[in-house]
Amino acid sequence: MADTQTTEAEAEKQPRSVRVVLLALMITMMLAMLDNMIVGTAMPTIVGELGGLEHLSWVVTSYTLATAASTPIWGKIGDMYGRKGAFMSSIVLFLIGSALSGMAQNMGELIGFRAVQGLGAGGLMVGVMAIIGDLIPPRERGKYQGMMAGVMALAMIGGPLVGGTITDNWGWRWSFYINLPLGVVSLALISAVLHLPKKRSQSRIDYLGAMLLTVGITSIVLVTTWGGTEYAWTSARIMELIGIGVASLIGFVFWQTRAAEPIVPLHIFRSRNFTLMSLIGFITGFVMFGATLFLPLYQQSVQGASATNSGLLLLPMLGAMLVTSMVAGRVTTNSGRYYVFPVVGSVLMVIGLYLLSTMDTGTSRFTSGVFMAVVGLGMGCLMQITMLVAQNSVEMKDMGVASSSTTLFRTLGSSFGVAIMGALFNHRVQDVMAERAGALGSKVTEQSAQLDAASLAKLPVAAREAYQHAVSAGTHSAFLLGAVVAVGALAAAVFVKEVPLKGAGPQKTDAPADAPAPQPPVVEAV
């Protein structure tokens, strides 16, 4: 009787505990997503004070490289030694990097400190997803999708606004210092409320696998970052990086079959659903970050929108994504089924990207907003479902590497999307400018195919009109490519095997082959 009363008391406390933990996780997720957007807005001011314009791109690149390379390692550390300790360590490292970046006295220091910050950031998103995977049964996880999609939308819309406000009123250093109070709040809540089983693996971390994977990922990101900008795609440097990257990844896969405790256990890819969700995540990252790069450029250059509130330009897409994600999460929670969402989401994404590719100099803002909303509806069906299904396809002991691998594929997809769509866009803009404005057009875009508002205003009327046509042609090519790539997501979604998500209660039937082991208790009471 006493045991029953204790269990009931704990059950009453659990929702409050979960809500507090989720608040801390959402704050941390916000830190991870806001950082680059806030810093991007502050970059002109930073360069003005520290100098080093020629190294400007490395402020972003060093952070991106460190984040991508450390993501799978954080996931594995959490699986081996406990999720809570790994997550809190990544937050502390991120905050140390933030504080050091705010104190940087020259561009070299800032680049190095941003790398430290990126190493911590690699564990933030993975930690959030893996801890939610530990605390919330798959069947219940869907209703929290809206929260995560809301944080993502808020970061994308509010990031440039917050960055501009902080830089103008407090100085650029506070674009880094602002992370500190938020991070401390998150750490305090997690330390006090989050209780997960402690782990202590007797195996050692796979250092050789970590090194090979780091070299491979670094090479890939550098190829996608430098290709077509710093170096020609056919240059010796790019070819060297491609060779190093391919050799490292082949060596990594070979070694993972022999390592005692592999960084990315290859057996997780035996699950058809996990492999398909990794592919869909890659394509979603490819499309989403390409869209967020070129849509504001089109609206500013062709439709004359203000660059001041650039995040608001994406509101139709992000708003639709938020609403659909909430609906998809609720339906998934109520029914335990999800097959329809990857399929419908992929169809909407293909249609939306094709519609965006039809935009020209005469397209109204309302029309382009409708097209963006269609893309957003598709992404809302895909963004969180991919992680949910991927986690549901592995055993609990692999929750961390499943979360980190899915996050990594999405990150790599965004790198490829920005690079390939960007290269296609730049090439098309320069061709059209040469056709319409001759030598003047070629001169205007020889440094960069993306002109800011000030440079655009200085152009002669004929050159400005030629540039608007060129940007329309460039976005047509970029979004048409995105639509073609998105067909791959649809093909993958069709082959997803629907394995009903487990609820919080005990399972009376045998688990399906693709499903993970039974979930642990939701959370310990505080």
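Just so we're clear, the structure is a prediction, and the values are computed from it rather than from any experiment.
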I'd like to know whether Trp74 forms a side chain to side chain contact (heavy atoms under 4.5 Å, CB included) with Leu93, so could you lay out the CA-CA distance, the side-chain angles of the two residues, the decisive distance to 0.1 Å, and finally the verdict.
CA-CA 12 Å; Trp74 281 115; Leu93 188 58; 4.1 Å; yes
So, [X] side chain and [Y] main chain: donor-acceptor pair closer than 3.5 Å or not?
{"X": "Ser325", "Y": "Leu322", "result": "no"}
{"X": "Ser405", "Y": "Ala402", "result": "no"}
{"X": "Tyr338", "Y": "Val499", "result": "yes"}
{"X": "Glu261", "Y": "Ala259", "result": "no"}
{"X": "Gln256", "Y": "Leu266", "result": "no"}
{"X": "Ser62", "Y": "Ile111", "result": "yes"}
{"X": "Asn179", "Y": "Leu95", "result": "no"}

Considering only heavy atoms from C-beta outward, does the side chain of [X] approach that of [Y] to under 4.5 Å?
{"X": "Leu135", "Y": "Leu194", "value": "yes"}
{"X": "Pro265", "Y": "Val401", "value": "yes"}
{"X": "Ile280", "Y": "Met277", "value": "yes"}
{"X": "Pro262", "Y": "Trp255", "value": "no"}
{"X": "Ile166", "Y": "Ile178", "value": "yes"}
{"X": "Leu412", "Y": "Ile220", "value": "yes"}
{"X": "Asp206", "Y": "Leu208", "value": "yes"}
{"X": "Ile283", "Y": "Leu279", "value": "yes"}

TODO: Flag the pair Trp174 / Tyr177 as yes when their ring centroid distance falls below 6.0 Å, and as no otherwise.
DONE: yes
The side-chain contact (heavy atoms from CB on, under 4.5 Å) partners of Ala423 (sequence neighbours excluded) come to Trp233
Residue set satisfying ring-ring contact (aromatic ring centres under 6.0 Å, His included) with Phe269, at least two apart, ordered chain then number -> Phe274
Under 3.5 Å, side-chain donor or acceptor atoms of residues 114-132 against the rest of the protein: list the pairs with distances, not counting sequence neighbours.
{"residue": "Arg114", "atom": "NE", "partner": "Val59", "partner atom": "O", "Å": "3.2"}
{"residue": "Arg114", "atom": "NH1", "partner": "Asp35", "partner atom": "OD2", "Å": "2.5"}
{"residue": "Arg114", "atom": "NH1", "partner": "Gln117", "partner atom": "OE1", "Å": "2.9"}
{"residue": "Arg114", "atom": "NH2", "partner": "Asn36", "partner atom": "OD1", "Å": "2.7"}
{"residue": "Gln117", "atom": "NE2", "partner": "Asp35", "partner atom": "OD1", "Å": "2.9"}
{"residue": "Gln117", "atom": "NE2", "partner": "Ser98", "partner atom": "OG", "Å": "2.9"}

Under the ring pair (Phe, Tyr, Trp, His ring centres under 6.0 Å) definition, can you give me all pairs with a residue in [range], not counting sequence neighbours?
{"range": "residues 385-423", "value": "Phe282-Phe416"}
{"range": "residues 375-395", "value": "none"}
{"range": "residues 85-136", "value": "none"}

Could you list all the salt bridge (Lys or Arg N to Asp or Glu O under 4.0 Å) pairs where at least one residue sits in [range], not counting sequence neighbours?
{"range": "residues 172-188", "value": "Glu49-Arg173"}
{"range": "residues 410-426", "value": "none"}
{"range": "residues 177-196", "value": "none"}
{"range": "residues 90-110", "value": "none"}

If you compare all heavy atoms of [X] against all heavy atoms of [Y], which two are closest, and at what distance to 0.1 Å?
{"X": "Thr67", "Y": "Thr71", "result": "O-OG1, 2.7 Å"}
{"X": "Leu424", "Y": "Ala478", "result": "CD2-N, 4.1 Å"}
{"X": "Val375", "Y": "Gly352", "result": "CG2-C, 3.4 Å"}
{"X": "Ser191", "Y": "Met88", "result": "CB-CE, 3.8 Å"}
{"X": "Ala66", "Y": "Ser70", "result": "O-OG, 2.8 Å"}
{"X": "Ala210", "Y": "Ile263", "result": "N-CG1, 3.8 Å"}

Less than 3.5 Å apart, which donor and acceptor atoms pair up between the side chains of residues 236-248 and the rest of the protein, not counting sequence neighbours?
{"residue": "Arg237", "atom": "NH1", "partner": "Tyr231", "partner atom": "OH", "Å": "3.3"}
{"residue": "Ser248", "atom": "OG", "partner": "Ile244", "partner atom": "O", "Å": "2.8"}

Show your reasoning for whether side chain to side chain contact (heavy atoms under 4.5 Å, CB included) applies to Leu249 and Leu213. CA-CA 6 Å; Leu249 292 179; Leu213 184 60; 4.2 Å; yes
| message | Using the rule given for side chain to side chain contact (heavy atoms under 4.5 Å, CB included), can you reason through Phe176 versus Met103, listing the C-alpha separation, both sets of side-chain angles and the distance that settles it, and then say yes or no? | response | CA-CA 9 Å; Phe176 296 105; Met103 294 186 287; over 6 Å; no
Residues at least two apart in sequence or cross-chain that pass side chain to side chain donor-acceptor pair (under 3.5 Å) with Ser403, listed by chain then number, are Gln391
